[in-house]
Amino acid sequence: MAKLIAGNWKMNGLSSDLETVEVIARHSVNAACDVLLCLPATLLGLARNIPLSLGAQDCHTQTSGAHTGDLSAPMLADVGAHAVIVGHSERRQDHGETDQIVQDKLKAAWSAGLQGIVCIGESEETYKSGRTLDALKAQLDGSLPNSLSGDTVIAYEPIWAIGTGLTPQPHEIESIHTEIHSYIINRFGSPLPILYGGSVKPANAREIFSLDNVSGALVGGASLTAKDFCAIIDAG
Ligand code: PGA
């Protein structure tokens, strides 16, 4: 299966940055991998005619209602999103999102026909104390419902690797992805793509993509620059 390289622009990007989206779109035409760019919601409608698969970074659990400042999955689909990230560690930390909320957001994404990219990842403290697998399994238990009724991708992002330039050793990434893969098979009977995220850059992308059970990447900082993101796409 083709790798999926997903960019996550987080709270970055103005309309003047649509040029970057266009460069990435042109580069993606001949890519061997699938490319997705998760833009801030303010840019989705503006970018929808650019021939590139676009995603959002969060959605509400409800389809509409009195939730000032929030955006629902149908609204995001309406402006051109094909996917949405749910449960990014920055949402879990900054907005107190629990596994149950993440699960409800995933169901909302499916109902709107969006692919849900479910993020999990351990803190530095958990990593250092050797409890990573237990933490990830607890997040998977809580963030995924018992039956998967929509397009779902898992993104494993160690919190301590996000935006820090640090990454786990390749053998650690491979072993964690293999554990997640086994968990998914045991619970659901068929595999899901498992992306790695956390300081993916042109210099380490090729090695990470060569690891067993790594289906692609979720890329933050390096997706903001066309040159870096295109180099990662070339590695995919
Ligand atoms: P980073 O972010 O690539 O800047 O480490 C990854 C993410 O948070 O998705």
Side-chain angles (χ1 to χ4, degrees), residues 3-13 17 20-21 24 33-41 43-44 52-59 76 81-95 97 102 105-106 109 114-124 126-127 132 135-136 139-140 143 152-170 172-173 176-177 180 192-209 211 214-236:
K3 297 260 189 281
L4 170 63
I5 313 296
N8 172 14
W9 274 21
K10 307 191 181 186
M11 197 172 71
N12 297 290
D17 297 303
T20 304
V21 182
I24 292 167
C33 57
D34 296 326
V35 180
L36 171 75
L37 197 55
C38 296
L39 294 172
L43 290 184
L44 282 172
L52 181 68
S53 192
L54 300 177
Q57 302 168 11
D58 175 50
C59 66
L76 298 166
H82 294 285
V84 62
I85 298 169
V86 293
H88 190 283
S89 61
E90 287 152 14
R91 301 275 332 161
R92 291 176 186 263
Q93 278 171 351
D94 296 356
H95 299 272
E97 287 188 8
V102 174
K105 290 185 172 199
L106 178 63
L114 299 176
Q115 178 183 67
I117 302 175
V118 182
C119 298
I120 56 169
E122 82 284 5
S123 67
E124 183 172 21
T126 301
Y127 172 72
T132 295
L136 297 180
Q139 284 181 321
L140 290 166
S143 306
T152 311
V153 172
I154 306 295
Y156 167 55
E157 302 200 301
I159 298 170
W160 53 272
I162 295 177
T164 57
L166 303 171
T167 56
Q169 297 296 315
E172 294 178 298
I173 296 177
I176 295 223
H177 276 243
I180 297 171
L192 293 176
I194 307 166
L195 309 182
Y196 169 78
S199 296
V200 175
K201 40 188 186 263
N204 61 19
R206 206 169 287 279
E207 180 172 32
I208 291 172
F209 296 155
L211 302 171
V214 173
S215 319
L218 184 55
V219 184
S223 72
L224 293 169
T225 324
K227 186 169 166 280
D228 283 353
F229 196 49
C230 292
I232 293 170
I233 290 168
D234 289 343

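In this chain, numbering begins with 1 at the start of the sequence shown. Atoms within a ligand are numbered from 1 in the order they appear, just like the ligands themselves. In what follows, every heavy atom counts, from backbone to side chain, and hydrogens, waters and symmetry copies are set aside.
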Legend entry - Verdict with supporting geometry, D58 and K105, salt bridge (Lys or Arg N to Asp or Glu O under 4.0 Å): CA-CA 8 Å; D58 175 50; K105 290 185 172 199; 2.7 Å; yes
Inset, instruction - Could you please spell out the steps behind the side-chain hydrogen bond (donor to acceptor under 3.5 Å, both in side chains) verdict for Q139 and Y156? - result: CA-CA 11 Å; Q139 284 181 321; Y156 167 55; over 6 Å; no
Inset, instruction - Start with the C-alpha gap between Q57 and V86, add the side-chain angles, then the distance that decides, and say whether side-chain contact (heavy atoms from CB on, under 4.5 Å) holds. - result: CA-CA 7 Å; Q57 302 168 11; V86 293; over 6 Å; no
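Side chain of N12 to backbone of W9: a donor-acceptor contact under 3.5 angstrom is found.
Between E90 and ligand 1, no N or O atom pair is found at a separation short of 3.5 Å.
When each atom of ligand 1 is checked for a heavy atom of G221 under 4.0 Å away, the hits are 1 (P), 3 (O), 4 (O). For ligand 1, the atoms sitting less than 4.0 Å from at least one non-hydrogen atom of K10 are 2 (O), 7 (C), 8 (O), numbered in the order shown with element in parentheses. Atom numbering of ligand 1 starts at 1 in the shown order; those under 4.0 Å from a heavy atom of A161 are 5 (O). Those atoms of ligand 1 with a heavy atom of N8 less than 4.0 angstrom away are 9 (O). Interface of G198 with ligand 1, defined as ligand atoms under 4.0 Å from a residue heavy atom, comprises 5 (O). Per-residue contacts place E157 under 4.0 angstrom from the following atoms of ligand 1 (heavy atoms of the residue considered): 6 (C), 7 (C), 8 (O), 9 (O). Listed by number with element, the atoms of ligand 1 under 4.0 Å from a non-hydrogen atom of H88 are 7 (C), 8 (O), 9 (O). Interface of G163 with ligand 1, defined as ligand atoms under 4.0 Å from a residue heavy atom, comprises 1 (P), 4 (O), 5 (O).
Taking each of A222, G121, G220 in turn, the one with a heavy atom nearest to atom 1 (P) of ligand 1 proves to be G220.
Between G87 and V102, the shortest heavy-atom distance links the atoms CA-CG2, 3.5 Å.
There is no side-chain donor-acceptor pair under 3.5 Å between H88 and E97.
Looking only at side-chain heavy atoms (C-beta outward), I159 and Y127 stay at 4.5 Å or farther from each other.
Salt-bridge formation is not detected for the pair D228/K201: no Lys NZ or Arg NE/NH1/NH2 atom is positioned less than 4.0 Å from an Asp or Glu carboxylate oxygen.
Not a single heavy atom of G197 sits less than 4.0 Å from an atom of ligand 1.
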